[in-house]
Each structure stands twice: as C-alpha cells, then as structure tokens.
2 protein chains.
Amino acid sequence: MPDPLYRRIAQDLRQKIDSGELGHGDQLPTELELREHYEASRNTVRDAVKWLITRGLVETRPGQGTFVVEKIDPFITTLTAELETGLGGEDTAYVSEVAARQRRPTVSAPRIEILRASEVIASELRLDAGSTIVSRGQQRYIDDTPWSLQITFYPMRLVEQGAVRLIQAQDMPAGTVRYLEEVLGIRQVGCRDKITVRAPDANETTFFKLPDDGRVAVFEIFQTGFDEQGTPIRLTVSVYPADRNQFAVDIGRVPDLGPVPAFG
Amino acid sequence: MPDPLYRRIAQDLRQKIDSGELGHGDQLPTELELREHYEASRNTVRDAVKWLITRGLVETRPGQGTFVVEKIDPFITTLTAELETGLGGEDTAYVSEVAARQRRPTVSAPRIEILRASEVIASELRLDAGSTIVSRGQQRYIDDTPWSLQITFYPMRLVEQGAVRLIQAQDMPAGTVRYLEEVLGIRQVGCRDKITVRAPDANETTFFKLPDDGRVAVFEIFQTGFDEQGTPIRLTVSVYPADRNQFAVDIGRVPDLGPVPAFG
DNA sequence: CCGTATTTGTTCGTATGTATT
DNA sequence: CAATACATACGAACAAATACG
C-alpha cells in the first residue's frame with residue numbers, strides 16, 4: 001500500500017528542502033502551482049504543507065506564500081558557567097554568551113506573589129504540598145526581544161528569618177543568592193538543572209511572539225539551589241523558545257572556545 | 001473579530017485538559033459528538049483536534065477515538081556524572097539513572113563508516129571540511145525499547161597513529177575513550193555538550209517508533225571531547241525522543257537525590 | 001489612497017477507505 | 001459481518017492578508 005497522496009507530496013517537498021534545492025527562506029510553489037504539478041486538490045496540497053509545518057520545515061504567510069523556515073543563529077547558554085561567574089540579573093545569570101555577541105540583556109522588575117506550593121514545587125523544595133512560598137517572576141529580554149520567562153520560588157521561612165527583600169518588587173542586580181548569604185548566612189553551594197521540552201502555553205506563545213502554528217516548542221529548565229546542608233533554598237523555572245536557544249554543559253577542562261560558531 | 005471556530009473549539013477542549021476535567025488517557029468526545037456539541041462540521045472539529053495534536057496534547061487512534069496523551073515518566077540522564085563514573089557502553093555512558101530503575105540497557109554493535117567531514121563536524125573537531133573521519137554509530141536500548149541513536153566521529157589521524165580498533169565493528173565495553181588512552185596515551189580531560197531540539201527525521205521516527213503526527217521532537221546532543229592540549233578528539237552526536245527523556249546537570253555540591261521523582 | 005489580483009485561511013459538503021471493536 | 005471511529009480526498013464558497021499598479 002503506498003503512502004497517501006498528501007504524504008507523498010510532503011515527502012517530495014521535504015526532499016527538495018533537505019537536498020538544498022529549496023534553501024532557507026525560499027518560497028515554495030503556491031497552492032495553485034502545487035495543485036497543478038501534483039494533480040491533486042487544493043485541500044490535499046494544503047494537507048501536505050501542514051505536514052511540513054508541524055515538522056518545522058516551512059511556514060506560511062497569508063497573502064504571500066509558503067516559505068522554507070530561516071535557520072536561526074541560536075543563543076548559547078552555558079549552564080555550568082554559573083557558579084563561578086554568577087553575574088548579571090538576579091538568580092540564574094547566563095549572560096556571558098549574550099555579552100560576547102554585543103547584545104544588551106535586560107530584565108523586567110520581578111512580579112512577587114505569595115502562594116501555596118503545588119505538588120511539583122513542594123517536591124523540589126522538599127516542603128509539604130500547600131506550604132507557603134514566595135515567587136519572583138521576571139521576563140528577560142535581549143535587545144528588547146523576549147528571551148526567557150523565569151520564576152523563582154523560595155520557602156516562606158527565608159522571609160520569616162529576615163530575608164524581607166525577597167518580597168519586595170525590586171530587581172536585585174547582585175542576585176538573590178548573594179542577598180541570602182549576606183542577610184542569613186545561607187550559602188548556595190550547588191544546584192541542579194533539569195532540562196525538558198514541551199509545547200508552549202498561551203502566555204508563552206504571546207510573550208515570545210511564537211508562530212501560532214505550534215511548530216516551536218520551549219525548553220523548560222528546573223534549577224534547584226542547595227545550601228551547605230543540602231537543603232533546597234530555591235527553585236528557578238526558566239522557559240526558552242527551542243528554535244533560538246541552545247544549552248552547553250562543560251565538564252572537566254574545556255578549551256576556551258571564544259565566539260562559538262553555531263551548528264545544525 | 002473572534003477567533004475562528006476551530007480554534008475556539010480547540011481552546012475549549014484544551015481548557016478541559018488543563019483543568020483536569022479530561023485527565024491523561026481519557027477519551028475525548030468522538031467527532032460526531034463534537035460536531036453536535038459545537039454545531040460545527042466534521043472538518044471543522046477535525047481541525048480543532050489537529051490543533052491539539054500538533055501541541056502534543058491529544059492523539060487519535062483510528063477505529064478507537066481521540067485520547068489525552070499519557071504523561072510519560074521520563075528517563076533522567078545526568079550529563080555531569082560522566083567523567084567520574086564513565087562506565088557502561090562505549091563513549092558517553094549515561095547509565096546510572098537507568099540502573100537505578102532496575103532497567104537493562106543494551107547497545108548494538110557499532111556501525112563503522114569512513115567518510116569525509118561535513119562542515120559542521122569539521123568545525124567541531126577543528127579539521128578542514130572534507131577531512132577523512134571515522135564514524136561509529138550505535139543504537140541504544142532500555143529493556144529492548146529504543147532509547148537513543150548515537151554516532152561518534154573521530155579524526156582519521158587517530159587510526160593512523162595506531163588506534164586501529166576504532167575501525168573494527170566491535171563494541172568496546174570499557175569505552176573508546178579509555179582505549180585511546182591505553183593505545184595512544186591520549187587522555188580526554190574534558191568535554192562539552194551542546195543541547196538542541198529539532199524535529200525527527202524519517203530514520204529516527206522509525207527507530208523510536210514515534211507517532212507520525214509529528215508531535216514528538218528529539219533532543220540532539222553534540223558532545224565534543226578534548227585532550228590535555230585542548231584538541232578535540234571526538235564528537236558524539238546523540239539523539240533522544242523529547243517526550244520520554246530529561247537531562248540533568250549538577251553544579252557544585254548537590255545532595256544525593258536517590259531515585260529522583262519526575263516532575264511536569 | 002484605492003481597487004484589483006494573488007495567496008493563504010476558514011468552513012462547509014460529500015464520498016470512500018481503513019482500523020478497531 | 002456489522003457498527004463505530006478516524007483517515008483520505010475531492011469540490012466549493014467566501015474571508016482575510018498582502019502586493020502592486
């Protein structure tokens with residue numbers, strides 16, 4: 001049994017893209033032209049194009065046509081660079097690569113909320129579900145384009161012990177981690193990142209201006225920070241669009257790579 | 001102007017999923033029922049379901065119905081655990097979490113090829129494009145289910161210098177890294193992982209038995225190993241399905257977490 | 001600025017095929 | 001075998017966005 005017609009059309013077009021016959025940014029034939037070329041109905045060629053869209057290969061622009069998606073030069077964020085060079089905005093500060101590219105990162109004022117820990121958050125912070133926690137949410141930009149959404153959760157006990165600036169809606173340029181050390185003597189001696197990928201929610205689609213055809217996923221990074229006793233002191237959840245971000249992890253001795261060329 | 005009908009239907013269904021009214025594995029109303037409920041044509045309710053499919057929220061099974069996708073308990077791979085505990089199969093050996101779950105990881109015999117470096121590979125290995133390289137490709141399984149596709153590229157000079165087993169189609173349980181040290185005295189003192197996400201190609205879709213609706217992306221991890229001089233000695237490209245894998249990075253002192261509960 | 005042509009988006013209808021129960 | 005449910009494929013009409021003279 002042969003593949004259905006719309007798939008054969010899609011695969012033929014995909015082959016043209018993979019082989020380079022159709023390059024990044026090139027326009028595909030219009031629906032009318034595809035219809036004539038493949039002798040199929042309009043709905044069928046549209047199904048073929050949709051198949052390519054969901055795989056992130058092409059995009060459609062109403063009134064213009066269908067185009068092979070441009071390859072985006074990704075931002076590279078080095079997860080392991082952080083303990084040594086914890087600079088920049090508050091919490092996780094991944095600015096080295098951004099700075100190297102002469103870009104200007106900015107951070108919104110944090111949005112503070114006091115709420116009860118969901119099961120997931122409680123588990124990461126080793127609290128009981130429903131415990132009171134503080135959240136500090138921020139939006140990060142590079143050259144005024146949205147780059148990441150970030151929210152950090154702290155156990156309420158830290159505020160009760162005196163870290164009152166955690167519940168003030170002011171950015172802490174030196175970082176909340178340093179603030180906790182200064183005020184409470186709590187030192188973050190390690191942290192653990194967990195990286196997953198999922199579809200963006202409505203908020204994220206709007207904030208990142210993602211195409212609404214659903215072809216772009218987001219990275220979600222859970223970072224838990226620990227003090228000297230191994231107790232979790234914060235959980236930072238960061239979300240990045242997957243089409244323009246890349247994460248690097250250095251282990252052992254790695255040569256300085258300078259401005260790293262993109263791959264893919 | 002309101003959203004088109006199929007989107008309003010999709011968002012209504014999504015809300016039912018997000019709120020938990022429809023839980024993982026639950027069946028959605030059939031197309032006929034949706035058609036009556038929303039007073040729309042069959043093609044329109046199908047468009048709504050397609051919108052949910054591309055976002056990874058539901059899946060359809062011919063002859064059965066449409067179902068909310070099951071949440072998969074992910075495999076957790078710790079990228080930073082490797083230099084210390086470099087055990088298991090050859091090259092990158094991320095077996096700790098797998099073992100902790102009483103799973104049995106297996107590896108296929110490597111498929112050896114001798115070829116010329118593409119621009120991307122040459123750039124990572126700091127060779128000239130077109131240089132001769134050796135590739136060793138392997139398929140990794142957990143309990144006989146496909147887990148990752150992996151291919152490692154070595155500069156041909158390593159073989160010429162005496163590491164002839166690189167071009168033999170036999171697994172090296174102790175690892176090629178250790179072999180290079182024993183034979184040539186080349187020690188890998190560090191490596192760098194770069195993590196991206198992309199749509200799977202046809203091979204990967206088949207090997208991982210991914211649904212052909214395109215809702216599952218794959219992680220692609222480029223890992224470059226360096227010797228004491230900072231020269232790249234290998235490039236390992238690993239591919240994992242994004243719906244059942246998660247990556248962890250430990251920095252500094254992190255408490256032993258035991259069998260880590262999944263999140264998300 | 002306006003009107004027209006082009007191109008994709010939405011919505012319906014209909015018929016037939018395939019997979020599962 | 002029949003009933004149910006999704007998959008494929010065609011046709012048609014109108015809407016909306018864009019480009020161009």
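For clarity, every value in this text was computed on a predicted model and none was experimentally measured.
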(request) Apply side chain to side chain donor-acceptor pair (under 3.5 Å) to A:N245 and list each qualifying residue two or more places apart in sequence or on a separate chain. (result) A:W147
(message) Please report the distance, rounded to the nearest Å, between OH in B:Y38 and P in C:dT10.
(response) 18 Å
(request) Rounded to the nearest angstrom, tell me the gap between atom CD in A:E59 and atom C1' in C:dG9. (result) 16 Å
(request) Sugar-phosphate means primed atoms, P, OP1 and OP2; the rest is base. With that split, encode nucleotides 1-10 of chain D 5' to 3' as B, S or - using protein heavy atoms under 4.0 Å. (result) ----BBBBSB
(request) For A:T205, enumerate each residue passing the side chain to side chain donor-acceptor pair (under 3.5 Å) test, keeping only those at least two apart in sequence or located in another chain. (result) none
(request) Mind checking side chain to side chain donor-acceptor pair (under 3.5 Å) for B:D12 and listing every partner two or more places apart, or none if nothing turns up? (result) B:K16, B:Y38
Enumerate all atom pairs, one protein N or O and one N or O from nucleotides 1-4 of chain C, separated by less than 3.5 Å.
none

(message) My understanding is that only residues two or more places apart in sequence, or in another chain, count here; which of them pass side-chain contact (heavy atoms from CB on, under 4.5 Å) with B:I112?
(response) B:P110, B:V134, B:R136, B:I167, B:A169
(request) Would you sort out whether A:R192 and A:Q223 count as a side chain to side chain donor-acceptor pair (under 3.5 Å), showing the intermediate values? (result) CA-CA 5 Å; A:R192 171 171 241 233; A:Q223 183 180 64; over 6 Å; no
(message) Just to verify, what does A:R244 make a salt bridge (charged side-chain N to carboxylate O under 4.0 Å, His left out) with, not counting sequence neighbours?
(response) none
(request) State which residues pass side chain to side chain donor-acceptor pair (under 3.5 Å) with A:D213; sequence neighbours excluded, sorted by chain then number. (result) A:R215
Please output the side-chain donor-acceptor pairs of residues 43-53 of chain A that fall under 3.5 Å, not counting sequence neighbours, one pair per line with the distance.
{"from": "A:T44", "atom 1": "OG1", "to": "A:S41", "atom 2": "OG", "distance (Å)": "3.2"}
{"from": "A:R46", "atom 1": "NH1", "to": "A:E31", "atom 2": "OE2", "distance (Å)": "2.7"}

